[in-house]
Amino acid sequence: MYLSFLQSMKPLIISQLTDRLNEGGALFMYTTLLILVAILVLLVKAFMKPATNDKTIAIVKHLSLFVLVWGFTGQMIGLIGAFDAIQIQGEIAPAVLAGGIRVAILSPLFGMIVFLIARLGIIILTWLKK
């Protein structure tokens with residue numbers, strides 16, 4: 001019964017995820033998703049082959065910092081575009097402004113989540129190494 005419930009929810013969950021990815025800016029969100037997949041592959045590889053840990057940890061560190069900055073870059077570009085539109089339009093409703101700020105926060109939030117996942121993996125790898 002529980003499994004059938006999960007299977008019925010699967011299309012809804014996938015559609016919500018793709019909606020959030022598209023809403024946060026496809027370029028920044030999908031790039032962050034690809035980097036997340038790369039980080040996860042590298043971390044799994046490091047757990048499987050401990051001999052290559054140092055090089056893998058260094059790569060994951062660099063990718064995690066990049067994805068963090070990438071998310072904030074997406075936010076800044078989005079906010080600049082939004083403020084340009086507000087300047088052209090003149091006065092706007094507070095609800096529209098709040099919606100724009102919510103969308104602007106998605107990209108750095110996703111970047112921070114990926115950063116935290118990568119750093120947690122690095123911490124675990126470093127701890128297991130000692």
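We number each residue from 1, following the sequence as shown. Only this structure's heavy atoms are used, side chains among them; waters, hydrogens and symmetry mates stay out.
Residues Val103 and Ile105 do not share a hydrophobic cluster, clusters being chains of Ile/Leu/Val/Met/Phe/Trp/Tyr side chains in contact below 4.5 Å. By the rule that hydrophobic residues join a cluster once side-chain heavy atoms approach within less than 4.5 Å of another member, Tyr30 and Ile117 end up as members of one cluster. Residues Val41 and Leu116 do not share a hydrophobic cluster, clusters being chains of Ile/Leu/Val/Met/Phe/Trp/Tyr side chains in contact below 4.5 Å. A single hydrophobic cluster is seen to contain both Leu33 and Leu106, as judged by linkage of ILVMFWY side chains at heavy-atom distances under 4.5 Å, directly or through other members. Met112 and Leu34 sit in two unconnected hydrophobic clusters of ILVMFWY residues. Membership requires side-chain heavy atoms under 4.5 Å apart, directly or through other members.
The two residues Thr56 and Ala46 come nearest to each other via the heavy atoms CG2-CB, 3.7 Å.
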Just distance, no hydrogens or angles: give the donor-acceptor pairs under 3.5 Å from side chains in residues 65-94, sequence neighbours left out.
residue: Trp70; atom: NE1; partner: Phe28; partner atom: O; Å: 3.4
residue: Thr73; atom: OG1; partner: Val69; partner atom: O; Å: 2.8

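The side-chain hydrogen bond (donor to acceptor under 3.5 Å, both in side chains) pairs that include a residue from residues 99-110 are Glu23-Arg102, where partners are two or more places apart or lie in different chains.
The hydrophobic side chain of Ile123 is isolated, with no ILVMFWY side chain under 4.5 Å apart from it. Grouping Ile, Leu, Val, Met, Phe, Trp and Tyr by side-chain contacts under 4.5 Å, direct or through others, puts Val44 with Met48.
Checked against side-chain contact (heavy atoms from CB on, under 4.5 Å), Ile122 has the following partners two or more places apart in sequence or in another chain: Ile57, Val60, Lys61, Arg119, Thr126. Judged as a side-chain contact (heavy atoms from CB on, under 4.5 Å), and not counting sequence neighbours, the contacts of Leu120 are Ile124.
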For this session: Verify side-chain contact (heavy atoms from CB on, under 4.5 Å) between Leu63 and Val114, making sure each step is shown before the conclusion.
Result: CA-CA 10 Å; Leu63 282 174; Val114 173; over 6 Å; no
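Note that the CG atom of Leu125 and the CG atom of Leu42 stand 10.5 Å from one another [nearest 0.5 Å]. Between the CZ atom in Phe110 and the CG atom in Leu36 there is a gap of 5.5 Å [rounded to 0.5 Å].
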